[in-house]
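Note: hydrogens, waters and symmetry copies are ignored here, and every other heavy atom, side chains too, is used. First the proteins, then the strands, lettered A, B, ... as listed; each starts at 1.
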Protein chains: 2
Amino acid sequence: MSAHQTKQRKAITEAIQNAQGPLRPTEIQLIACQNVPRLGIATVYRTINMLLESGEIQAVPIAANDVRYEPTGRGHHHHFLCHSCNKVYDMHGCSGHMSKMIPDGFEMDDHEILIHGKCAACKKAKK
Amino acid sequence: MSAHQTKQRKAITEAIQNAQGPLRPTEIQLIACQNVPRLGIATVYRTINMLLESGEIQAVPIAANDVRYEPTGRGHHHHFLCHSCNKVYDMHGCSGHMSKMIPDGFEMDDHEILIHGKCAACKKAKK
DNA sequence: GTCGATGCAAAAACTTTGCATATTC
DNA sequence: GAATATGCAAAGTTTTTGCATCGAC
């Protein structure tokens, strides 16, 4: 049966689920490697694609050549990219009404917001 | 002098400037090729990176492995990705106040919004 | 002629695929 | 033992770099 959960998949899924924000494939590998030492990057990508297809996770495009992955089902939220440490944080509470900027005849399914700036840790670190 | 404008750079810059929305590197090459037949993709990438550094254009992350580039200085606007034709449209008019979702101690520089949906042309095309 | 820009091809980086081995039931 | 998943390595992509040549002053 395909619902079989190997230790690799478990480690990868948990890495994504437990993260505070979206992670890159190599970050996922690094974290999951702590539980499954010889975990290959191919397995990480294969698992990511499986989880994307099943809808358990989704991609978050952050910048050129920087996609990260996060679990679905965390509720409506958006992202904050710190330009100092390059970490992405989840942010809850969305101002809402995007509809006013949608052109006539267009149909909106969803929206995502990415805020750029400097996180509290980096602001404190650097006087 | 470094302000020298070759026909390649001119064609690439114009392709980006004249586009109705952000373009991918290969799309830029395709358009610019109409004026400069043997234009290589390396020149496109080199020019993109130059224009990014000088601040004339900026990257728009759309999805995994899909970054597009647009001119800066079009005023504040956001993007609409049509999941049917995969085109990205500019949208003007921004609802504004993102500040309420920014965590304490974080500092916002900028924000970008990507709306997903179906464009008017695709809605009309498919009953 | 000097300087920088280009095209091509090679290299690097990132992602996917093939295949023999390993794991689960 | 059958079926699926894994690791490794090879193949695909995408982006960058090296280098000989070309073009502008």
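The side chain of R9(B) contributes an N or O atom lying less than 4.0 Å from OP1 or OP2 of dA5(C). Contact annotation: T26(B) does not reach the phosphate of dT14(D) (side-chain N/O to OP1 or OP2, under 4.0 Å). Under 4.0 angstrom from either OP1 or OP2 of dA5(D) there lies no side-chain N or O belonging to T6(A).
Atom CZ of R38(B) is separated from atom P of dA9(C) by 10 Å (rounded to the nearest Å). Following rounding to the nearest Å, Q8(B) (CD) and dT6(C) (C1') show an atom-to-atom distance of 6 Å. Between the CD atom of Q5(A) and the P atom of dA5(D) there is a distance of 11 Å, rounded to whole Å. The separation between D66(A) atom CG and dC14(C) atom C1' is 12 Å, rounded to whole Å. Distance, L39(B) CG to dC22(D) P: 18 Å, rounded to whole Å. The CD atom of Q29(A) sits 13 Å away from the C1' atom of dC14(C) (whole-angstrom rounding). Atom pair I48(B):CD1 and dT14(D):P shows a separation of 13 Å (rounding to whole Å applied).
Looking at M91(A) and H79(A), their side chains never come closer than 4.5 Å, going by heavy atoms from C-beta outward.
In this structure, CZ on F80(B) lies 7.0 Å from CG on D109(A), to the nearest 0.5 angstrom.
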Completion exercise
Heavy-atom contacts, protein to nucleotides 16-22 of chain C, under 4.0 Å, summarised as B (base), S (sugar-phosphate only) or - (none) per nt, yield BBB----
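Ring geometry, H77(A) versus H92(A): the interplanar angle falls from 30° to 60°, so the pair is classed tilted.
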Exercise for the section: Quick one: do E70(A) and R74(A) satisfy salt bridge (charged side-chain N to carboxylate O under 4.0 Å, His left out)? Show the steps, please. Expected result: CA-CA 9 Å; E70(A) 67 178 5; R74(A) 277 199 177 159; 5.3 Å; no
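Partner E107(B) forms a salt bridge (Lys or Arg N to Asp or Glu O under 4.0 Å) with one of K123(A), K124(A), K118(A) and no other, that one being K123(A).
The six-membered or imidazole ring of H111(B) lies away from that of H116(A), with a centre-to-centre distance of 6.0 Å or more.
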